[in-house]
Amino acid sequence: MMWTLLNRAIIVFVFVFLLLPLVFVVVTSFGDAAMTFPPRSFSLEWYGAIPQPFITGLKVSLIVGGSTAFIAAVVGTGAALAITRGRFRGLKILAMFCLLPLMVPSLVIAVALFQFTGILWDIARIEIGGTLIGLILGHTAIAIPYVVRAVIAGHAHFDPTLEEAALNLGASKWRTLLSITLPVLIPGIVSGAVFAFLVSFDDVPIALFMGGDEATTTMPVKIFTSIEYSMKPDVMAVSALVIYVSLALMILLEKTLGLERFFGTGRA
Amino acid sequence: MSEVRLDGVSRLYDRVVAVDNVSLTVAEGEFLTLLGPSGCGKTTTLRMVAGFITPSGGAIYIKGADVTRVPANRRDTGMVFQSYALFPHLTVQDNVGFGLKMRGIRGSEATARITEALRLVKLEQLAERYPRQLSGGQQQRVALARAVVIRPQVLLMDEPLGSLDLKLRQELQVQIRNVQRELGITTIYVTHDQGEALSLSDRVAVMRDGRISQLDPPDKLYSRPASAFVANFVGRTNLLPVEIVGDGDAGYHVKSSASPDLTFAVGTREGDARRPGERCLLGFRPESTTLAPADGNRLTARVDDIRYFGAVRSVALTTALGNVMEIDLPAGAAAPARGDQVTIGWRPADCFLVPVDD
């Protein structure tokens with residue numbers, strides 16, 4: 001009884017600890033100009049007053065996030081299949097290489113990418129710094145591990161006799177991959193892609209280093225730079241928007257595929 | 001012409017021999033079962049016919065054509081797996097239609113053949129369902145329909161009923177046999193269940209350590225096993241060490257190795273002639289044994305235990321020779337009690353000789 005109570009108390013504490021800042025942001029975004037908490041009055045005016053640069057930033061974020069999710073899904077699925085099924089030298093290195101960005105702070109990756117763009121310019125006169133492509137490539141690098149993990153987790157439940165059955169029925173190896181393997185693995189691929197999108201959508205350091213002008217400034221970077229100068233409720237509204245998008249994606253993922261599948265708690 | 005022929009087929013895994021020089025021929029429309037304990041090489045053999053495993057040696061022919069190096073997707077075999085292996089993202093009819101699609105058969109012909117195949121396994125009304133909405137037995141019937149709808153040269157079944165419970169297994173055995181007969185499709189079936197092998201097959205190949213121990217029709221396999229292994233694996237058997245005394249027209253006369261005064265008559269002559277003095281094992285089945293026989297072979301024994309099974313009572317005995325044996329008595333007959341001294345007997349025609357070295 002004691003333990004159950006303690007257990008519950010800990011769970012409640014963790015949730016409060018994790019969610020309170022978000023609640024604060026969301027509530028303030030409906031508040032007044034004084035940004036007191038709790039607000040003395042509620043309104044939607046700050047959502048209407050979101051300055052144009054933030055809207056542009058949101059568009060950039062969506063473009064970069066979508067492209068990142070797509071590329072990471074393609075590359076990550078291929079890598080995951082190679083890791084789970086391959087029998088070649090360097091397999092372990094490939095596996096480590098694919099999961100490494102999870103362990104390195106994204107600031108370090110951002111600095112490395114920044115360095116890389118300089119080298120690329122020096123050697124080949126190719127400029128990816130300050131371009132959307134550079135931004136997408138940088139985000140793809142940190143997003144791939146999420147897809148790899150999700151697909152590997154999904155692959156653990158994959159019955160290899162499905163492929164034998166397809167071959168037996170006359171399908172070629174490619175046909176089997178396209179008609180059977182990938183469709184069966186699609187839940188893992190999609191959940192990996194959603195996480196890839198969120199990783200990109202969330203990121204500041206890489207976007208800060210790789211971004212340049214207005215056309216390559218993502219929303220988080222815009223928020224980050226604008227609160228350096230002024231903290232106004234419209235920033236709260238923008239931040240709340242980010243929370244809504246993330247929350248909507250999470251709910252979608254949970255409703256369609258189940259989050260346990262991704263986190264591999266074994267209850268899926 | 002034979003439908004499937006294996007010619008000295010072998011398979012090694014890291015120098016371990018999984019299948020060792022197996023040769024067999026399956027006739028057109030025949031139902032042949034590979035029977036054996038796990039690790040005997042039966043599944044490996046089947047998978048080599050399907051093309052999932054390449055033989056280390058030997059050749060495989062389907063309809064006279066050498067398919068040893070032909071990839072699985074161009075072999076024209078239909079396979080049913082123990083795990084069903086239904087495509088989870090496709091409906092029942094799309095699962096069944098997959099092989100047709102791969103063969104470029106579409107439209108009304110495909111629809112007609114899918115319907116026909118589902119009718120054959122009595123699942124027409126579930127065509128729109130997904131595999132996860134079906135029971136295990138229904139899933140395996142879909143898998144059977146999917147394998148036969150392409151009208152393969154040979155139907156391959158790898159322990160298809162292995163994960164079903166007994167009652168369902170018996171129902172599906174009947175259904176598999178009916179479908180196989182109706183289509184007249186050449187079939188190779190793998191199982192470790194001897195009852196299944198006996199009841200379904202035209203012929204059974206008993207495998208052990210990668211080799212075929214015996215390949216015979218079920219009744220012959222049961223009544224005339226060629227080795228102690230087959231005698232024990234297919235049904236239950238009582239074995240007595242004996243020595244050949246004489247060789248007559250009706251069969252052999254043998255004496256017990258443990259007690260030379262005891263002689264028995266064996267009314268069968270299978271395989272090579274046995275010379276006097278040769279040691280072998282005399283075998284007879286529990287159900288062909290009677291109590292207090294008027295004539296035939298006799299042996300005295302003490303009753304150790306009696307178990308009741310409904311149709312029969314199974315009596316465990318220790319014979320005068322010291323062997324432990326088991327006999328089945330009709331449940332309606334008078335039963336002995338534990339500790340009783342009894343005389344058991346069996347007809348010369350109901351026993352057989354197998355080699356000792358096994």
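Proteins come first, then strands; the chains are lettered A, B, ... in the order of their sequence lines, and each starts at number 1. As the structure is a computational prediction, the values presented were derived from the model and not from experiment.
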Original post:
Does A:N168 reach the main-chain N or O of B:T77 with its side chain, forming a donor-acceptor pair under 3.5 Å?
Top reply: yes
**OP:** Could you look at B:R146 and say if it's the side chain, the backbone, both or neither that has a heavy atom under 4.5 Å from chain A?
**Re:** both
Original post:
So with a 6.0 Å cut-off around NE2 of B:H89, is the heavy-atom count from everything else above 12?
Top reply: yes
Original post:
How about B:M79 and A:E164: do any of their side-chain heavy atoms sit closer than 4.5 Å?
Top reply: no
**OP:** Provide the closest heavy-atom pair for B:A85 versus A:T161 in the form atom of the first, atom of the second, distance.
**Re:** CB-OG1, 3.6 Å
Original post:
Is any side-chain heavy atom of A:L162 closer than 4.5 Å to a side-chain heavy atom of B:P88?
Top reply: yes
Original post:
More than 12 heavy atoms of other residues, nucleotides or ligands under 6.0 Å from CZ of A:F13: is that the case?
Top reply: no
Original post:
Taking the side chain from B:R103 and the backbone from A:L169, do they hold a donor-acceptor pair closer than 3.5 Å?
Top reply: yes
Original post:
So which heavy atom on B:F52 is nearest to which on A:L167, and how close?
Top reply: CE2-CB, 4.4 Å
Original post:
Which region of B:L86, side chain (C-beta onward) or backbone (N, CA, C, O), has a non-hydrogen atom less than 4.5 Å from a non-hydrogen atom of chain A, or is it both or neither?
Top reply: backbone
Subject >> A:S179 portion near chain B, given a 4.5 angstrom heavy-atom threshold >> reply: both
**OP:** Answer yes or no: is there a side-chain heavy-atom contact under 4.5 Å between B:N73 and A:K173?
**Re:** no
Subject >> Interchain contact, B:F87 with chain A, by part (heavy-atom threshold 4.5 Å) >> reply: both
Original post:
What option among B:A50, B:G78, B:P71, B:P152 has the most heavy-atom pairs under 4.5 Å with chain A?
Top reply: B:G78
Original post:
In this structure, are over 12 heavy atoms from other groups packed under 6.0 Å from A:F158 atom CZ?
Top reply: yes
Original post:
Where on A:D159 is there a heavy atom nearer than 4.5 Å to chain B: the side chain, the backbone, both, or neither?
Top reply: side chain
Original post:
Taking everything shown except A:R175 itself, do over 12 heavy atoms lie less than 6.0 Å from its CZ?
Top reply: no
Subject >> Option in A:A171, A:P160, A:S172 with maximal non-hydrogen atom pairs under 4.5 Å from chain B >> reply: A:A171
